[in-house]
Amino acid sequence: MSRPAPRLQGAGFVAPALLWTLAFFVVPFLVMGAMSLATLEGRTLVWGLSLANYTELTEKAYLWRAVMVSMEITLTVTVVSVVLAYPLAWIIAFRVPQRWQRLALLLAILPFWTSYVVRSYAWLLVLAREGVVNQTLMSLGLISEPVTLANTRFATVTGFVHFFVMLLTLTIYANLVQLSPNYRRAAMDLGASAFQTFRHVILPLTLPGIVTGAFLTFVLCIGDYVTPQILGGNTELTVPQVIMVQLGRRADFPLASALAIVLMAIVTLVYILSARWLRLDRI
Amino acid sequence: MMRLLPWAYLIVAFVFIYLPVASLVLFSFQDGGLPVPPFEGPSLRWYADILSDGDVMAALGNSLLVAAGSAALACALGFLAAYGLARHVLPGSALIRGLLIAPLTVSYLIVGLGLLIVIQRTGLGLSLMTAGIGHVVINLPLCFAIIYASMGAQQQNAERAARDLGADEFRVITLVTIPMLAPAIAAAFFLSVTLSWDEFIISFLLTRFDVTLPVEIWSMLRSGLSPRLNAIGSLVFLVSVTAVLILEIFVFRKNRS
Amino acid sequence: MTAPVSIRSVSHTFGDFQALSDVSLEIGAGEYVTLLGPSGCGKTTLLSVLGGFIDPTAGEVLIDGRDMTRVAPAKRPTTTMFQDYALFPHMSLRDNVAFGLRMGGMGRAARYEVAHEMLDLVGLAHAAATRPHALSGGQRQRVALARALAVKPDVLLLDEPLGALDLKLRRAMQDELKAIQRRVGTTFVHVTHDQEEAMAIADRIVVMNAGRIEDEGPPARIYREPATLFAADFMGEMNHIPARSDGSVVTTSFGPLPGLRAARGDAVLCIRPEALRSGEGALSFGPGEIKVSAFFGTYTRVQVVPEAAPDLVLTAHLPPSEMPEPGSRLTLSADAPAFSLFPTGN
């Protein structure tokens with residue numbers, strides 16, 4: 001009986017997944033890269049090595065504006081989410097009694113598993129002109145006219161923050177509970193106040209978890225089309241929204257591809273900046 | 001005062017987290033035509049309405065099909081790759097691992113856009129199949145990572161013991177490796193089902209006539225707030241939560257004990 | 001710096017579990033005390049009460065005559081060396097050791113000077129700039145010691161400090177700990193479950209069981225004349241021989257015992273294996289059959305079933321020059337001061 005060489009056998013196991021990733025991820029990605037260097041003349045696609053789609057970014061104000069809007073929204077969302085999630089993770093890890101912790105965490109992240117279309121719609125329900133918040137405030141007599149909440153950047157940020165607070169609570173909680181409780185005890189024992197313990201010991205030790213969560217937030221937030229489309233409306237467009245406009249109305253695949261490459265470049269840049277603290281293997 | 005502050009924060013946080021979901025579910029039982037206060041009801045008429053809506057039911061069926069199919073394929077491919085990389089010395093294994101994980105770091109929109117361009121270039125039609133291909137691309141890295149991470153030395157020794165006792169490679173995998181890794185494989189499968197079930201943008205770009213449920217919901221969104229959307233949304237949420245709870249109760253509980 | 005510690009009627013419960021019941025103990029300034037007992041005996045709880053990590057349900061703790069029972073750990077003249085060392089992984093050894101001084105508001109130059117002194121004391125001055133993950137277990141243990149001593153505590157609390165080290169390193173560190181304690185003069189309270197460690201290191205051993213103190217005193221006294229049967233067994237291997245007292249004379253299967261008195265009832269006679277020797281003596285166990293005989297280097301360990309009590313097995317440590325064959329006959333005996341008698345009720 002002959003057996004294939006182990007090395008060949010191992011390659012046989014890996015090959016299907018590898019071929020799948022190459023065929024349906026790497027190749028499309030390369031084609032998209034090539035597409036970003038092509039141009040559209042009238043309705044016909046002309047392959048080439050043109051940087052026109054990239055220079056358009058600086059020439060056309062609405063494109064540059066979209067990049068800025070995306071960056072502003074994403075940074076706001078990342079910072080606000082971390083600031084809100086950290087205390088929540090802290091309370092669940094250190095204030096909620098041990099036996100209830102898993103339940104509290106499960107409950108805190110359960111709506112995380114709602115489809116993002118449904119979740120954004122649910123926020124529209126809350127924030128719309130005739131939505132839950134306005135109706136409630138008006139029936140309580142606190143306001144006479146509905147407040148504009150939906151179709152604003154505020155609504156987009158709220159929808160995003162809702163989602164990412166749950167994600168970050170999970171990553172920060174996981175980071176907090178794996179710290180030996182003796183770190184806190186040792187710091188207190190050596191005379192540190194509660195704030196000093198947090199500042200000098202707990203915060204530095206949880207920094208990798210925070211950065212990892214913030215990076216995920218950044219990547220998922222800057223690439224999302226649904227939330228700004230449903231909650232932000234068309235008052236200001238983010239890069240994914242502009243990409244979808246190119247695909248739909250104008251069928252301008254080269255420009256859409258160039259914008260996608262720009263998004264990837266931004267993510268790569270942020271990855272390099274945060275790589276020192278990132279622990280992607282811990283996700 | 002200082003002792004109560006954490007609990008107050010916890011309550012405010014939970015209100016924020018549950019406000020949209022609670023509004024969604026509550027007003028799915030609305031008796032009137034608008035899913036906003038004041039609440040009238042409860043009534044199941046909107047559930048009856050959507051359950052008798054052919055398009056919605058077809059989309060629901062499509063979603064389940066795509067979710068189950070793509071999750072099963074992603075798990076199978078992920079398992080084989082993890083087994084190959086964990087049990088055999090391969091040249092460039094670090095590179096292969098990096099390549100398999102890579103789609104995780106790219107947003108779904110870009111994965112979908114790339115596939116859309118290639119599919120249009122090759123002249124293949126858009127269908128549920130193409131959306132399923134996209135879902136395997138995004139779920140394969142997760143399945144691979146989860147299963148690879150759980151392939152420890154303990155399993156390897158059991159595999160060696162089985163081989164020592166005369167089992168061939170196929171029997172080693174089916175009788176030893178897969179049963180020992182069952183919790184990880186189940187976790188990967190249910191996570192993939194949930195992600196595929198909830199996924200919108202890839203399905204939106206890569207389907208045409210037969211669509212998945214999130215895409216169907218998207219097209220209904222144009223008509224604004226409606227209790228029908230609340231009812232569908234609540235059902236979608238229920239399915240996701242069920243998958244997550246199954247995972248929590250049957251996989252992680254067992255894992256810990 | 002150093003101070004006496006006084007523990008007065010301390011009790012503590014976790015839910016339904018009574019971790020400490022009415023424990024009182026006086027520890028002198030500069031004394032090296034070990035709390036010895038099996039896991040769950042309350043020794044670590046008592047240490048946490050001293051360190052301020054647990055508020056006892058009842059009783060009080062005085063350090064240097066001042067009531068410290070409800071004072072926070074930061075405000076106590078105690079520091080703790082944790083079982084897992086709890087070195088801050090993101091700080092250099094220097095910053096770890098200087099941490100307490102920094103919290104106390106000492107300037108950088110001054111606190112680094114102290115940190116170097118302390119690192120020098122534990123022989124790690126050359127590694128001041130490295131991070132804890134680069135160190136071996138024994139080195140981490142030294143850094144934890146330096147960090148705890150840097151703030152000049154009156155009392156140092158050590159929670160199984162040598163538990164994570166292998167046996168050889170452990171024995172070496174015991175000597176070092178003791179030497180450092182002699183130099184700094186601080187009161188050390190050291191928790192362990194290893195009776196050899198306790199004997200090697202302590203001025204005084206406190207044997208604990210089920211939340212109570214069973215015995216306390218110098219190591220040699222506790223080993224030779226334990227106050228309770230539990231202390232007797234915990235300090236090392238012990239032969240148990242059933243005995244009975246009629247109020248004036250104590251009798252075993254080997255006849256009446258000379259010179260021992262006990263209240264009327266059942267009792268158990270305890271003799272250490274090394275107190276048994278071959279041949280006749282003040283107390284003879286008569287001839288018996290050797291079941292097992294094994295050479296241990298410094299002694300030969302034999303197990304003998306005496307003819308007078310066939311359901312008993314006596315273990316004896318004989319000089320290594322004697323190597324009797326299993327199956328042969330041997331007479332064992334002991335001298336009067338070598339045994340203790342404990343009543344077993346009824």
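Below, chains carry the letters A, B, ... as their sequence lines are ordered, and counting in each starts from 1.
Chosen from B:V118, B:L113, B:L245, the residue pairing most often with chain A at heavy-atom distances under 4.5 Å is B:L113. With respect to chain A, the highest number of heavy-atom pairs below 4.5 Å among B:I117, B:L225, B:V106 belongs to B:L225. Of the listed residues B:V111, B:V136, B:I138, B:I217, the one with more heavy-atom pairs under 4.5 angstrom with chain A than any other is B:V136. By number of non-hydrogen pairs under 4.5 angstrom with chain B, the leading residue of A:Q229, A:M166, A:R95 is A:R95. When each of B:P103, B:A81, B:G84, B:P214 is scored by its heavy-atom pairs under 4.5 Å with chain A, the top score falls to B:P103. Most heavy-atom pairs under 4.5 Å with chain B: of the set A:L263, A:V26, A:V118, A:N134, this distinction falls to A:V118.
In this structure the side chain of B:V236 never reaches within 4.5 angstrom of the side chain of A:V117, judged on heavy atoms. The shortest distance between side-chain heavy atoms of B:T105 and A:Y271 does not fall below 4.5 Å. In this structure the side chain of B:N230 reaches within 4.5 angstrom of the side chain of A:Y121, judged on heavy atoms.
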Open item on the list: Assess the residue pair A:L247 and B:L205 against the criterion (side-chain contact (heavy atoms from CB on, under 4.5 Å)); give the C-alpha distance rounded to whole Å, side-chain angles, the decisive distance to 0.1 Å, and a yes or no.
Closed with: CA-CA 9 Å; A:L247 290 186; B:L205 289 172; 3.7 Å; yes
Give every donor-acceptor pair under 3.5 Å between a side-chain atom in residues 7-24 of chain B and any protein atom, sequence neighbours left out.
unit_1, atom_1, unit_2, atom_2, d
B:Y9, OH, A:L84, O, 2.6
B:Y18, OH, A:L107, O, 2.5
B:S23, OG, B:L19, O, 2.7

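Side chains of A:D224 and B:Y108: no donor on one and acceptor on the other come within 3.5 Å.
Residue B:L235: no heavy atom, backbone or side chain, is found under 4.5 Å from chain A. With a 4.5 angstrom heavy-atom cutoff, B:I119 does not touch chain A via any of its atoms. Contact of A:S139 with chain B is not made at all, since no heavy-atom distance falls under 4.5 Å. Neither the backbone nor the side chain of A:M138 comes within contact range of chain B; no heavy atoms are under 4.5 Å apart. Contacts between A:L259 and chain B at a heavy-atom distance below 4.5 Å are absent for every atom of the residue. Using a 4.5 Å cut-off between heavy atoms, B:Q120 contacts chain A through its side chain alone, with no backbone atom that close.
Ring centroids of B:W218 and A:Y225 are separated by less than 6.0 Å, placing the two rings close together.
Under a 3.5 Å cut-off, the side chain of B:Y83 and the backbone N or O of A:F13 do not form any donor-acceptor pair.
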